[in-house]
There are 2 protein chains.
Amino acid sequence: MTKIGIRYTKPRKLIFKALNHFSKPVSAAEINFYLKNKIDLTSIYRTLELMKKINIIEETEFGDGKKRYELMKNNKHHHHLVCENCGDVENIEMKEDNLLDKVKNKSSFLIKEHKLEFFGLCPNCQ
Amino acid sequence: MTKIGIRYTKPRKLIFKALNHFSKPVSAAEINFYLKNKIDLTSIYRTLELMKKINIIEETEFGDGKKRYELMKNNKHHHHLVCENCGDVENIEMKEDNLLDKVKNKSSFLIKEHKLEFFGLCPNCQ
DNA sequence: TATATTATTGCAAATGATTTGCAATATGTC
DNA sequence: GACATATTGCAAATCATTTGCAATAATATA
């Protein structure tokens, strides 16, 4: 009997490399462009889906109808500042335990994750 | 010379009524369904666009690829708890000045707005 | 009140992101 | 290296949203 498992293939390596290259959330199309079309968009989508499932990337949405993905470096979750003018993104980390505790007290939901994004103007665009 | 202006038409009244009926963010399709197809989807999209522009509704995304809209009651902005199982949504308000101040200090972005959403399981689905 | 002027609507078709089916290919195991 | 299975690329489908345009509705003015 042959073992089954997830394979670390050439396309997946490239997509991982691409994600690693960016330090901000990127769309499937951006990865595709960065990889010069070497990998089919479909495979990029499927790989991202997989990476999301095994929890090595995080998905974000900035409101323009495309999903963006980002490697979850050292398992630390962070938030984003998005420039409404040029689209530039800055990462931001913060202690948010207080906030989370507050919400957990207020609500009877069992909270698993949260998303916090800020929108405004980057230094260049102000 | 004829004056120009925004018209408060029948379709717009209905869409407003629909938004008012829901106490959570709803998609264009949900509004359309609620209004029993009386108003064309296109017009719903255009009206939502307009309402967003004149700042009477807020747009949210819960990560399933649809935009949702919600009336901005008494100008108070709030956040959401989304059940990952049944899709139910609970509104939540909180004092977040501390948080905002912190971010403003940490970053050189000029922050205009932010979105904060929580995901987990509602009481029924736990 | 009728008419003129401009805004808005509905329909059909276009677009853009993402997904699905499937045969061809690459991987890892024995 | 041969085999079993996972993965890929391509074409086509799907889903949300947008656009063009001629028909219609709303409002100001005669």
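The sequence lines fix the lettering, A, B, ..., with proteins before strands; numbering per chain opens at 1.
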Q: With ring-ring contact (aromatic ring centres under 6.0 Å, His included) as the test, would you mind laying out the steps for Tyr34(A) and Phe22(A) before giving the verdict?
A: CA-CA 10 Å; Tyr34(A) 177 74; Phe22(A) 293 101; 5.3 Å; yes
(Q) Less than 4.0 angstrom between a side-chain N/O of Arg12(B) and OP1 or OP2 of dA7(C), yes or no? (A) no
(Q) Just so I know, are the side chains of Glu113(A) and Glu84(B) near enough to count as touching, which here means a heavy-atom distance under 4.5 Å? (A) yes
(Q) Tell me the interatomic distance from Arg7(A), atom CZ, to dT27(C), atom P, rounded to whole angstroms. (A) 9 Å
Q: Would you kindly give the CD-to-C1' distance between Glu49(A) and dT8(D), to the nearest whole Å?
A: 16 Å
**Q.** Thr9(B), nearest nucleotide to its side chain (from dT9(C), dT18(C), dG28(C))
**A.** dT9(C)
Q.
Please report the distance, rounded to the nearest Å, between CD in Glu30(B) and P in dC15(D).
A. 16 Å
Q) For the residue pair Leu81(B) and Ile111(A), what are the closest heavy atoms and their distance? A) CD2-CD1, 3.6 Å
Q: Would you jot down, in residue-number order, the residues of residues 53-70 of chain A having a non-hydrogen atom under 4.0 Å from DNA chain C?
A: Gly65(A), Lys66(A), Lys67(A)
Q. Rounding to a whole Å, what distance do you find between Leu48(A):CG and dA17(C):P?
A. 15 Å
(Q) If you assign Tyr8(A) and Tyr8(B) each to the DNA chain D nucleotide with the nearest heavy atom, which residue ends up on the more 5' nucleotide? (A) Tyr8(A)
(Q) Testing the basics here: between Met72(A) and Asn55(A), what is the closest heavy-atom pair and its distance to 0.1 Å? (A) SD-O, 4.2 Å
Q: For the residue pair Tyr8(B) and Phe16(B), establish whether any side-chain heavy-atom pair is separated by less than 4.5 Å.
A: yes
Q) Starting at CG of Asn37(A) and ending at C1' of dC10(D), how long is that distance when rounded to a whole Å? A) 13 Å
**Q.** d(NZ, Lys10(B); C1', dA7(C)) in whole Å
**A.** 15 Å
Q | Sub-4.5 Å side-chain heavy-atom contact between Gln126(B) and Asn85(B) | A | no
Q) Among residues 38-46 of chain B, which residues get a heavy atom nearer than 4.0 Å to DNA chain C? A) Lys38(B), Ile39(B), Asp40(B), Thr42(B), Ser43(B), Arg46(B)
Q. Can His79(A) and His114(B) be counted as having a side-chain donor-acceptor contact under 3.5 angstrom?
A. no
Q: Kindly give the heavy-atom pair with the smallest separation between Leu48(A) and Ile57(A), and that separation in Å.
A: O-CD1, 3.3 Å
Q: Return the value, rounded to whole Å, for the distance between atom CG of Asn32(A) and atom C1' of dG9(D).
A: 12 Å
(Q) How many whole angstroms separate atom CD1 of Ile6(B) from atom C1' of dA25(D)? (A) 16 Å
Q. Name the one of Lys115(A), Glu70(A), Glu90(A), Arg68(A) that satisfies side-chain hydrogen bond (donor to acceptor under 3.5 Å, both in side chains) with His80(A)?
A. Glu70(A)
